[in-house]
Amino acid sequence: MRAAVRDAIDAGEFAGATPDEVVVERPKSADHGDFATNVALRLAKAAGKPAREVAEAVAAQLRQSDGIAEVDVAGPGFLNIRLASGALGALAKDIVEAGAGYGRSGELTGRRINLEFVSANPTGPVHLGHTRWAALGDSLHRLLEAAGADVTTEHYINDFGSQLANFGASLYAVAQGRPVPENGYHGDYVADVAEQVIEAVPGALDLPPAEAVGVFTTIGEQLMLELVRASLSRFRVEFDVYFSERSMHESGAVDAALARLREQGHVFDADGAVWLRTTDFGDDRDRVLVRSNGEKTYFAADAAYYLDKRGRGFDRCIYMLGADHHGYVGRLKAIVACAGDDPEQTIEVLIGQLVKLVRDGQEVRLSKRAGTIVTLDDLIDLVGIDAARYSLARWSADTPLTLDIAEITKRSNDNPVFYVQYAHARTCNAKRNAADFGIGLDVFVPELLTSPFEAALLTALSEFPRAVATAAELRAPHRVARYLEDLAGSYHRWYDACRIIPQGDDEITDVNRTRAWLNDATRIVLANGLGLLGVDAPERM
RNA sequence: GCCCCCGUAGCUCAGCGGAUAGAGCAGCCGCCUUCUAAGCGGUUGGUCGCUGGUUCGAUCCCAGCCGGGGGCACCA
């Protein structure tokens, strides 16, 4: 397409530059051909000519290309392209040959991306709020790598400061049979962890209180972190790096970061505290780095953490945060600007709306301290890993998500994950049956794929690479899920209309053999797509 | 008050400036003696919150309203 435009320009038909991106899509209506493009409409202004005239010039070039049967100029200047018979069908073999590589691209090759998500505090189990990010973040990881990026996934551990001390104190209190302190942590898991600490350090309760709290804090945090890892791992989410906040305090990295920010001239002292003048860079108020009692804030560690990431060579740091943390965006960007980087280039903060849980029409409050936690493990036990991952990934992160326990507990066919998985299982079954009939992948005659259902399935398959690239670019894994639902629909309709193995006593023909390729191409794309979501592609259901 | 997200079919949502705005569910009517009916077909259902603006063209971009959700610590 780009070549055709360039040829038209070279031929002196109109002025202007070849556009960087040409949108060629599958039209909604079959009347508009196999593919359609608005390129002429986009070029018209620069060319200084009516769009239809530009369209005619491009169409003339396109008609000379191989594989194109027909090009029409329609409406204000759309180009409707109809492919030569077989040109579309050839895709089935291309996909089978590409296998797991179909859908991958090199759009982000050379980009080093740090992707931080979940970052659950080691003071409680992974809960539902984290779970949305576990599903979306892990899927985004897979998408970015499919687009060729070099991605490191990272989980930050807040193992420093007052919340952790609070957690340790709560463990100690519970172990002693005393009530949990004011604002302490509640919930059954606190007693469980306290018990495990005593198992690990049998004399812990006999130590002087100050030492005992230290033991409960340190060991409790380690145990909790292991539980967090185990839950995430069970959910098929593995991180390349678990990064400790405390390690930066101990190594002096936080002090070094403060010194660097001070050198840059953005630090000031007031009311006994040390502040960063983030308002210079659009934040709505300045932020405290060191409290008047001498303790460094979480924000100070964040600054150090950002500098550490940059020091490790990432050219883009992506943060995935819940809407309850959106106030951080301004100050994170201010850190970047204070450090001398361009916030529009080196960081990207993805904000996702919160997940609500409804039980019997009542909202279940998610509060670790109140002890009413719905955990990741609970969710997996209720609906299974595949349904949980798929359900959390198929909605845009911009949409607040309400999960009804009754709804997600119900294992029914209105759950789209079953629709897509069933389609995959069906392709596998069809492949097995074809093999039993002696239909393998030997003969391939694409001109025989003439049914409208075949054209629809083929165009859907052709859109997969574009869908993956767009989902990666927009950081929108839900687009993959929606694409798969669309593809599964095209497949089911095709399966219903076009038989792979012959009916009754009919002879096996090349149509049957060629359809086996199309079936296999669909199987591959469904599996590749489900893989991007971290959902299993079952061979039988 | 300020900041972020949302407002599209009865419900839940999809639509990164294009042609007649889509899907699932819910409702109604159909399709299994032959490759998985966890499937397929048909049908009912819309002032894309409102008002302006930009554009050849706006559900999409901009501004202002209205409505809903969330957030605005020397906690993390």
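Order of the sequence lines fixes the chain letters, A, B, ..., with proteins taken first and strands second; residue numbering starts at 1 for each chain. These figures come from a predicted structure and were not determined experimentally.
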- Item | Side-chain ion pair, A:E154 and A:K309, N-O less than 4.0 Å | no
- Task: Rounded off to whole Å, could you give me the CG-to-C1' distance for the A:D398 and B:rC5 pair?
- Result: 6 Å
- Message: Pick the closest RNA chain B nucleotide for A:Q353 and for A:A488 by heavy atoms, then say which residue is nearer the 5' end.
- Response: A:Q353
- Spacing of the C1' atoms in B:rU20 and B:rC16 (rounded, Å): 22 Å
- Query: What are the residues of residues 494-505 of chain A, sorted by number, that bring a heavy atom to within less than 4.0 Å of RNA chain B?
  - Reply: A:Y495, A:D496, A:C498, A:R499, A:I500, A:I501, A:Q503, A:G504
- Message: Under 4.0 Å, counting only non-hydrogen atoms across every strand here, what does A:R540 touch: a base, just sugar-phosphate, or nothing?
- Response: base
- Message: Whether A:R426 contacts B:rA37 is assessed here as follows: a side-chain N or O lying under 4.0 Å from the phosphate OP1 or OP2. Is that the case?
- Response: yes
- Side-chain donor/acceptor of A:H326 to base of B:rG70, under 3.5 Å: yes
- Hey, does the side-chain of A:T297 have a donor or acceptor N/O within less than 3.5 Å of a partner on the base of B:rC74? no
- For A:D286 and B:rC2, give me the distance from atom CG to atom P, rounded to whole Å. 20 Å
- Test item: A:S292 and A:D271 side chains (from C-beta on) under 4.5 Å apart, heavy atoms: no
- Determine the Euclidean distance between corresponding C1' atoms of B:rG46 and B:rU8; express it in Å to zero decimal places. 8 Å
- Task: Dot-bracket notation for RNA chain B is requested: 5' to 3', Watson-Crick or G-U wobble pairs only, both distances under 3.5 Å, with ( ), [ ], | and . as defined.
- Result: (((((((..((((....[...)))).(((((.......))))).....(((((..]....))))))))))))....
- Message: Please determine whether a side-chain nitrogen or oxygen atom of A:H478 lies at a distance below 4.0 Å from atom OP1 or OP2 of B:rG15.
- Response: yes
- Message: Heavy-atom nearest nucleotide on RNA chain B for A:D284 versus A:Y298: which residue maps closer to 5'?
- Response: A:D284
- If we take the C1' atom in both B:rG24 and B:rG67, what is their distance in whole Å? 26 Å
- How would you label the contact of A:A423 with the nucleic acid (heavy atoms, under 4.0 Å): base, sugar-phosphate, or nothing? nothing
- Message: For the P atoms, the ones on B:rC65 and on B:rU59, what distance do you get once it is rounded to whole angstrom?
- Response: 22 Å
- Message: Would you measure the distance from the C1' atom in B:rG68 across to the matching atom in B:rC50 and give it in whole Å?
- Response: 15 Å
- Taking only the side-chain nitrogens and oxygens of A:R493, find out if one of them lies under 4.0 Å from OP1 or OP2 of B:rG41. yes
- Message: Under 4.0 Å, heavy atoms only, any strand: does A:A323 hit a base, just the sugar-phosphate, or nothing?
- Response: sugar-phosphate
- Query: Heavy atoms, side chains only, cut-off 4.5 Å: are A:S139 and A:L533 in contact?
  - Reply: yes
- Note on the structure: Taken to the nearest whole Å, OH/A:Y422 to C1'/B:rG24 is 18 Å
- Quick one: which of A:L227, A:I157, A:V228 gives a side-chain contact (heavy atoms from CB on, under 4.5 Å) with A:P122? A:I157
- Message: For the P atoms, the ones on B:rA76 and on B:rA14, what distance do you get once it is rounded to whole angstrom?
- Response: 35 Å
- Message: Does the plane of the ring in A:F464 sit parallel, tilted or perpendicular to the ring in A:Y483? Use 30° and 60° as the thresholds.
- Response: tilted
- Task: Could you give the distance separating B:rC13 and B:rA21 at their C1' atoms, to the nearest angstrom?
- Result: 14 Å
- Task: Provide, to the nearest angstrom, the distance between the CD1 atom belonging to A:I351 and the C1' atom belonging to B:rC72.
- Result: 13 Å
- Task: Would you classify A:D271 as touching base, sugar-phosphate or nothing, given that sugar-phosphate means primed atoms plus P, OP1 and OP2, and contacts are heavy atoms under 4.0 Å?
- Result: base
- With a 4.0 Å cut-off on heavy atoms, is A:S162 in touch with a base, just the backbone sugar-phosphate, or nothing at all? sugar-phosphate
- What integer number of Å spans the P atoms of B:rG71 and B:rG18? 35 Å
For nucleotides 10-13 of chain B, tabulate all protein N/O to nucleotide N/O atom pairs closer than 3.5 Å, reporting atom names and distance.
from	atom 1	to	atom 2	distance (Å)
B:rC13	OP1	A:P400	O	3.4
B:rC13	O2'	A:R482	NH1	3.3
B:rC13	O2'	A:R482	NH2	2.7

- Task: If the glycosidic angle is within 90 degrees of 0 it's syn, otherwise anti, so just tell me which one B:rC16 is.
- Result: anti
- Task: For B:rC40, take OP1 and OP2 only and decide whether either is under 4.0 Å from a side-chain N or O of A:Y419.
- Result: yes
